[in-house]
Amino acid sequence: MMTTRQALGDASIASVDTPSELEEGGLGLSPTMAALKRARKHHGLKIGFGILLVMAVFALFAPWLAPHDPYLQNLSLRMLPPVWTEGGNWEYLLGTDHLGRDYLSRLIHGARISMTIGLGAASIGAVIGVTLGLIAGYFGGWIDQAVNFLVTCQLAVPSLLLIMALVFVIGQSVTVVIFVIGATHWVFYLVVTRSATLRLRELDFVAAANAMGCSKFQIAVREVLPNLVNQIMVIFTLEVAVAILNEATLSFLGLGIPSPLPSWGLMIAEGKTAMFFQPWLVILPGIALFILVIAINLLGDGVRDVTVTNRRN
Amino acid sequence: MLNYVLRRGFMALLVALTVSFGTFALFHFATDPAQTIAGEDAPQEMVDEIREQYGFDRPVLVQYGDWLGGVLQGDFGKSYFWKQQVVELIQEHAKVTILLALSALMVTVAIALPLGISAALKPNSWVDRLALSTAVSAQAIPNFWLGLMFIILFAVTFPIFPVSGDATWKHYVLPSLVLGASSVPAVMRLTRTGLLDVLSSDYIRTARAKGFMGYRLILQQAMRNALLPIVSVLAVQLGHKLGGSVVTESVFSMNGLGRLAVESIFNSDIPTVQSLILIFVLTFVLLTLAADLINAWLDPRIRMG
């Protein structure tokens, strides 16, 4: 039976483009090797991976790569424009903000925050969603129905409002933002894990494990889960992007990362008051967000294209 | 069919009640409404008195039942912050959000459907590539940032549309574009894949053999089936827009329900927040229910289930 929820899942995860067949290199190669071979020919994947690699290096080595201290205020150098505009200063390549802090350094340190939150929130979502999906798919019956009900409830809540309310009630910090975003973004993991588990538990190797006396838990974790890794990986990548955008939105609205941390969303909020005269304060962090998110999405779409071959059922 | 409608309707009601009780309990345990009403520095006796007077010391289920009973009679309680009936607040703000959500939905449909259909008609052509790259880019643009870019562009360079407020229809043009753009990727991709699936089916091959061609084939034969998931996803998107125009309303300073919700959160105005969440959830649940019923009507396989 087709329900709205399935359509929703379909739209976001299985936004299938052209089915990639195992047309070349399928025989005689292990699935991993075949996928790697296909990956080498996938332009989107390569571009996404390349951009991400560069940004990850900047995020990891931010203290060494950033030219200035991102928190150091210098009120005599407030609102310097970027170097390519009139009045720019080579010392501050991308200018300074309303407190005279170096914008490039803040952007580089901001990549750290975005990536931490993206990876953290997507991992928490994965743990919740995959666990519930395995349980629902494997046990079926009333447990499945209960989990299903939980999903319907989760989808009906206006998630941004719920996240904002939770952050407001618990308190603003990086950890809280990670947990709250993660705790509200697990539905796609669940939907995919559940349907794959339903399909897998009918297969012979599960029956064999059952006959050998493995417990249900062992079967779920050791037999079923490894077969889901590809699909979970794809959702994970896309959820990292969603979490990053969510954090930026929260911080922009003033209920995310607290000041003075250089979150890109917060930087946009801080630059907003001056955006007609110093538009780069708003434009630059937005471009950074755009590049990071598009790179992650390209990677995710690419991984799906090269690994998940039978994704239409 | 009646059985199906009743079953789905009951589920919808159950979901709405669960979610609204969940948020009610969350605020009940995480905040102290008596303190909020009395103010930060109020003496403890005064807080206690208010707690007793408003009945905040009763079990949460009793309080929820009380509140829900009021809601059923159209009484959502009184706002702590605006010192006004929540019903009035909602009536004042609802118009903006409904107008915005509907016009945004029109923007989505106007962009996503033609793009998705043309992409499906010629897979792997330049139209298809264009559609897909539009989707990938649109997904990566932060919505609030797009709004700010529009404001910078239109306020300074092309002062055609006003960039803040909700007084005239002109005020709705930019916000609808921003809010509408956010759903384009999902709807476009679904249209494309749905139509591609249908186009490769046997009955379309038969129709082709009988001489149906081009847009006639698409509109008369294929779209009916491809519409099923699109109806669902549009309902979901409209639901998100009604409850989730939080960002757009804030960026363009429109006095809608989303902005009201944000300000209520900032001011710990619990009656307003939980009323709004109940309304958003109910709207969402009813919209998806309507979509499922439309689907059941379009496709007998579903209602026979």
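Just so it is clear: chains get the letters A, B, ... in the order the sequence lines come, proteins before strands, and each one is counted from 1.
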Over all atoms of both residues, closest heavy-atom pair of [X] and [Y]:
X	Y	result
B:Gln139	A:Leu245	O-CD1, 3.5 Å
B:Val246	A:Met164	CG1-SD, 4.3 Å
A:Val169	B:Phe27	CG2-CE2, 4.1 Å
B:Pro142	A:Leu289	CG-CD1, 3.7 Å

(request) Check whether any side-chain N or O of B:Trp145 sits under 3.5 Å from a backbone N or O of A:Val282 as a donor-acceptor pair, and report yes or no. (result) yes
(message) Counting heavy-atom pairs closer than 4.5 Å to chain B, which one of A:Ile296, A:Ile268, A:Asn297 comes out on top?
(response) A:Ile268
(request) Considering only heavy atoms and a distance below 4.5 Å, find which of A:Ile244, A:Val293, A:Ile170 pairs most often with chain B. (result) A:Val293
Distance check, rounded to the nearest 0.5 Å: [X] atom [atom1] versus [Y] atom [atom2]?
X	Y	atom1	atom2	value
A:Leu161	B:Leu257	CG	CG	10.0 Å
A:Leu253	B:Phe266	CG	CZ	7.0 Å
A:Ile294	B:Ile141	CD1	CD1	8.0 Å
A:Phe290	B:Leu146	CZ	CG	10.5 Å
A:Ser251	B:Phe144	OG	CZ	8.0 Å
A:Leu162	B:Leu26	CG	CG	7.5 Å

(message) Can you tell me which portion of A:Ala241 sits under 4.5 Å from chain B's heavy atoms? Options are side chain, backbone, both or neither.
(response) neither
(message) Before you tell me yes or no, could you show the steps for A:Val157 and B:Phe284 under side-chain contact (heavy atoms from CB on, under 4.5 Å), namely the whole-Å CA-CA distance, both residues' side-chain angles and the distance that decides it to 0.1 Å?
(response) CA-CA 8 Å; A:Val157 187; B:Phe284 185 88; over 6 Å; no
(message) Tell me whether the count of non-hydrogen atoms from other residues, nucleotides or ligands lying under 6.0 Å of CZ in B:Phe154 goes above 12.
(response) yes
(request) Look at atom OH of B:Tyr80 and say whether more than 12 heavy atoms of other residues, nucleotides or ligands are closer to it than 6.0 Å. (result) yes
(request) Against chain A, work out which of B:Ile152, B:Leu282, B:Val285, B:Thr283 has the most heavy-atom pairs shorter than 4.5 Å and name it. (result) B:Ile152
(request) Give the member of B:Ile230, B:Val231, B:Val273, B:Thr18 that has the highest number of heavy-atom pairs under 4.5 Å with chain A. (result) B:Thr18
(request) Evaluate the side-chain proximity of A:Pro158 to B:Val281: yes if any heavy-atom separation is below 4.5 Å, no if none is. (result) yes
(message) Contact between A:Leu298 and B:Val136 at the side-chain level, heavy atoms closer than 4.5 Å - yes or no?
(response) yes
(request) Test side-chain contact (heavy atoms from CB on, under 4.5 Å) on A:Ile283 and B:Met149 and set out the steps. (result) CA-CA 8 Å; A:Ile283 295 175; B:Met149 291 301 105; 3.6 Å; yes
(request) Sort B:Ser137 into side chain, backbone, both or neither according to what part of it lies under 4.5 angstrom from a heavy atom of chain A. (result) both
